[in-house]
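Residue numbers begin at 1 in each chain, while the letters A, B, ... track the order of the sequences.
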Amino acid sequence: MVAITLPDGSVRRYDKPVTGADVAADIGPGLAKAALAVKVNGDMKDLLLPLTEDVKLAIVTKKDPDALELLRHDAAHVLAEAVQELFPGTQVTIGPAIENGFYYDFARNEPFTLDDLPKIEAKMKEIVDRDEPIRREVWDRNDAIAHFKSIGELYKAELISGFPEHEPISIYRQGDKWLDLCRGPHLASTGKLGKAFKLTKVAGAYWRGDSNNAMLTRIYGTAWADEKQLAEYLTQIEEAEKRDHRRLGREMDLFHLQEEAQGAVFWHPKGWTLYRTLQNYIRRRLEGAGYVEVNTPMLMDKVLWEKSGHWEKFREGMFISESEERTLAVKPMNCPGHVQIYNQGIKSYRDLPLRIAEFGCCHRNEPSGALHGLMRVRAFVQDDAHIFCTEDQVKSETKAFIDLLRVVYADLGFTEIRVKFSDRPVKRAGSDETWDKAEAALRDATDAAGLEWTLNPGEGAFYGPKLEFVLRDAIGRDWQCGTLQADFVLPERLEANYIGEDGAKHRPVMLHRAIFGSMERFIGILVENYAGKFPLWLTPLQAVVCTITEEANDYAAEVAATLRANGLRVETDLRNEKINYKVREHSLAKVPVLVVVGKKEAETRGVALRRLGGANQEILALDEATDRLAKEAAVPGTF
RNA sequence: GCCGACGUAGCUCAGGGGUAGAGCAACUGAUUCGUAAUCAGUAGGUCCGCGGUUCAAUUCCGCGCGUCGGCACCA
């Protein structure tokens with residue numbers, strides 16, 4: 001006797017084992033048709049899994065949000081079957097579901113090209129039409145290895161060899177000819193997948209994510225529950241591409257890049273205004289939070305980097321210069337410089353915490369393939385700071401930092417913050433005891449600040465664990481922006497100390513921290529998040545005074561001067577063009593406020609304000625408009 | 001760095017073995033106009049670079065550089 005409890009609490013009893021498919025059919029033919037899989041006691045399982053004991057069962061259909069992952073995983077398998085049918089001799093490796101879609105990695109001497117995708121897609125649809133049954137089988141480990149070796153699937157054989165002994169090897173048979181190693185679960189047949197999928201790109205990827213291994217060809221696709229969702233997703237991607245900071249950077253005349261300075265930014269006047277506005281803003285926030293600002297040399301003798309450990313670990317990524325007898329390195333980071341400032345004179349526990357900030361211009365010779373617009377560059381400015389404190393102060397300093405970061409991110413439109421906690425990497429400096437202490441201190445402090453985080457195992461800096469504050473760009477790529485790293489190693493290596501209450505020397509802890517990460521990257525993220533329509537305080541050009549006729553030219557100049565005298569960034573547009581033309585042009589340039597003046601305004605000393613995206617205008621006296629705009633443009637954190 | 005695609009005017013792109021074309025932008029002139037494109041005219045190119053094949057290469061081939069999409073890396 002098997003008792004199946006359904007989500008509504010009702011219980012169905014069967015006198016022999018049943019499958020989810022049986023239960024669905026029992027409930028109704030509509031559900032039987034719609035059923036994709038089941039959740040057994042909350043876990044996603046195959047529809048055809050025999051249920052031999054009492055369970056809680058939910059039938060999963062396309063309406064279930066969890067069904068998407070299942071569909072995507074099946075899409076990957078259908079992709080693999082299609083590829084092997086079209087290109088015999090191609091080896092399959094792995095093919096998981098990912099956010100918005102799926103991929104499958106193939107090994108083949110001849111790589112696929114973009115032109116192959118439509119053919120493969122058509123074949124996938126054919127396989128869906130065939131509605132091949134998908135059945136789970138459990139194989140003996142050695143049999144499975146032998147089988148995959150015999151058909152030339154060496155990667156699959158390698159995968160199975162890596163599984164723990166005695167682990168059951170589950171194989172999914174798709175139709176009568178094709179099968180694949182897979183943990184499952186899967187749909188009951190290929191027809192259930194539907195056709196709301198699309199192959200999107202071809203790319204190289206290393207076997208098992210290791211650059212020492214062979215390069216495989218990865219085919220990416222997106223898959224959805226229905227055509228409407230698919231179309232929406234594709235439109236959304238298209239829209240997102242219009243917000244790409246590289247595109248807006250050019251359209252809005254913010255910056256450019258060119259090959260003679262690969263990975264370094266030429267900031268144009270508007271972009272530099274944005275940059276300075278952001279920098280002045282964060283500077284005030286730092287001053288308010290008790291930081292002192294310094295500036296340290298760009299070129300320093302390599303002995304300093306040998307001492308810190310950076311030479312050993314990052315030499316390849318450093319730009320070097322020779323001078324007389326010395327080897328100098330262009331600084332890739334600011335920490336050692338800050339320790340030099342800290343080490344001037346004797347520090348007392350009364351001096352701590354000492355928060356040393358710098359807008360430090362750093363250079364790193366990033367691999368060419370890593371460069372990406374403003375997001376990943378070779379020359380960048382960190383909003384860097386190092387907090388020298390006692391071990392007892394780690395918790396309160398961490399909390400203060402997180403509070404500050406939250407305020408700044410909120411000011412810039414980021415309220416949901418994703419945080420990763422990265423612990424000790426394989427290659428690291430410092431003893432295990434030191435790492436235990438550093439990890440515990442950072443984790444406790446983070447929890448005390450009430451921050452939700454996910455673990456990023458082994459991804460910490462070589463000298464300490466780190467918190468990463470991750471922001472997402474328009475296309476869905478994640479970038480680390482803010483960071484906080486607890487470091488018990490560098491103070492030791494660079495011999496920082498302070499005199500404690502007990503009169504003895506102690507090591508301070510160093511907290512490395514940044515809120516933006518790099519000015520460049522953060523501006524890139526800001527451009528994409530605001531789609532170039534920055535808040536008034538931040539936008540480079542806040543208002544354009546547009547004339548309707550020549551008669552208003554003098555008055556327009558006076559209006560602009562008044563606005564500028566009140567701290568606003570304003571230009572005039574006195575060109576002999578129709579007002580429609582001017583409105584269109586400045587709207588496309590994303591200027592938030594247009595101040596329109598014609599004969600009427602000149603006579604009454606008024607202005608017509610038009611907001612970006614707004615349909616109508618507001619007629620105000622010049623004084624009132626100035627007052628209002630000045631207030632609206634106030635930088636957050638100022639009074 | 002690795003795999004793949006791409007590289008033609010400021011931008012978006014077309015073309016093609018016989019030294020290049022459109023739209024928008026730019027420039028000049030006319031128009032003085034009330035809230036998302038006024039009209040007319042002009043100018044603009046080592047077709048990424050270097051080699052090779054050819055009577056002839058921007059076009060075909062090779063190499064290099066760069067960009068883009070991923071992977072790897074990211075102090």
For [X], which contact category applies under a 4.0 Å heavy-atom criterion: base, sugar-phosphate, or nothing?
X	result
K578(A)	base
R250(A)	sugar-phosphate
H512(A)	nothing
K331(A)	nothing
A370(A)	base
R246(A)	sugar-phosphate
E577(A)	base
R477(A)	sugar-phosphate
R610(A)	base
G209(A)	sugar-phosphate

Q | Near-ring test Y104(A)/F106(A), centroid separation under 6.0 angstrom | A |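 Judged by ring-centre distance (under 6.0 Å), F106(A) and Y104(A) do meet the cut-off.
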
Separation of [X] atom [atom1] from [N] atom [atom2], in whole Å?
X	N	atom1	atom2	answer
K201(A)	G70(B)	NZ	P	4 Å
D244(A)	G69(B)	CG	C1'	12 Å
L588(A)	C11(B)	CG	P	18 Å
R521(A)	C74(B)	CZ	P	13 Å
N616(A)	G34(B)	CG	C1'	14 Å
K599(A)	C33(B)	NZ	P	9 Å
R247(A)	C11(B)	CZ	P	13 Å
D116(A)	G69(B)	CG	C1'	16 Å

Q. Would you call the rings of F319(A) and H363(A) parallel, tilted or perpendicular, where under 30° means parallel and over 60° means perpendicular?
A.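 Judged by the thresholds at 30° and 60°, the geometry between F319(A) and H363(A) is perpendicular.
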
For [N] versus [M], give the span between their [atom1] atoms, rounded off to a whole number of Å.
N	M	atom1	value
G4(B)	C11(B)	P	28 Å
U12(B)	C48(B)	P	15 Å
G1(B)	A25(B)	P	40 Å
U19(B)	C47(B)	C1'	10 Å
C6(B)	G15(B)	P	14 Å
A43(B)	U54(B)	C1'	35 Å
C27(B)	G10(B)	C1'	13 Å
C55(B)	C50(B)	P	22 Å

Q: Determine the sole option in F380(A), Y409(A), F469(A) for which the ring pair (Phe, Tyr, Trp, His ring centres under 6.0 Å) test with F522(A) is passed.
A: Y409(A)

Q.
Can you tell me if D554(A) has over 12 outside heavy atoms packed within less than 6.0 Å of its CG?
A. no

Q.
So for atom NZ, which belongs to K313(A), do other residues, nucleotides or ligands contribute more than 12 heavy atoms lying within a distance under 6.0 Å?
A. yes

Could you let me know what [N] is paired to, Watson-Crick or G-U wobble, both distances under 3.5 Å, or none if it's on its own?
N	result
A57(B)	none
C39(B)	G29(B)
G1(B)	C71(B)
G17(B)	none
U46(B)	none
G10(B)	C24(B)
G34(B)	none

**Q.** With sequence neighbours excluded, residues passing ring-ring contact (aromatic ring centres under 6.0 Å, His included) with Y555(A)
**A.** none

Q: For C74(B), take OP1 and OP2 only and decide whether either is under 4.0 Å from a side-chain N or O of H372(A).
A: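 No, H372(A) has no side-chain N/O under 4.0 Å of OP1/OP2 on C74(B).
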
Q.
Show, in sequence, the C-alpha distance, side-chain angles and deciding distance for E153(A) and Q84(A), and conclude whether the side-chain hydrogen bond (donor to acceptor under 3.5 Å, both in side chains) test is met.
A. CA-CA 11 Å; E153(A) 293 285 4; Q84(A) 290 202 313; 2.6 Å; yes

Q) Quick one: does NZ or CZ of R418(A) land under 6.0 Å from the six-membered ring centre of W453(A), within 45 degrees of the ring axis? A) no

(Q) Quick one, Y463(A) and M510(A) - any side-chain contact, counting heavy atoms below 4.5 Å? (A)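 Heavy-atom side-chain distance check fails, nothing below 4.5 Å.
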
What's the closest nucleotide to the [X] side chain, out of [options]?
X	options	answer
P367(A)	G34(B), G1(B), G69(B)	G1(B)
E550(A)	U32(B), A72(B), U35(B)	U32(B)
K600(A)	A72(B), G34(B), C74(B)	G34(B)
Q262(A)	A36(B), A25(B), G66(B)	G66(B)

Q: Between R584(A) and Y220(A), just flag the one whose closest nucleotide in RNA chain B comes earlier from the 5' side.
A: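 Closer to the 5' end of RNA chain B: R584(A).
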
Q) If each of N365(A) and G598(A) is mapped to the nucleotide of RNA chain B with the nearest heavy atom, which maps nearer the 5' terminus, i.e. the 5' end? A) G598(A)

Any N or O donor-acceptor pair linking the side chain of [X] to the base of [N] at under 3.5 Å?
X	N	result
R376(A)	C74(B)	yes
R208(A)	C71(B)	no
E601(A)	G34(B)	yes

Q) Got a second to check how far T446(A)'s OG1 is from F421(A)'s CZ, nearest 0.5 Å? A) 6.0 Å

Q) If only atom types and distance count, is the side chain of E439(A) paired as donor or acceptor with the main-chain N or O of R424(A) below 3.5 Å? A) yes

Show each protein N/O and nucleotides 2-9 of chain B N/O combination with a separation under 3.5 Å, one pair to a line.
from, atom 1, to, atom 2, distance (Å)
C2(B), O4', Y206(A), OH, 3.3
C3(B), O2, G204(A), N, 3.2

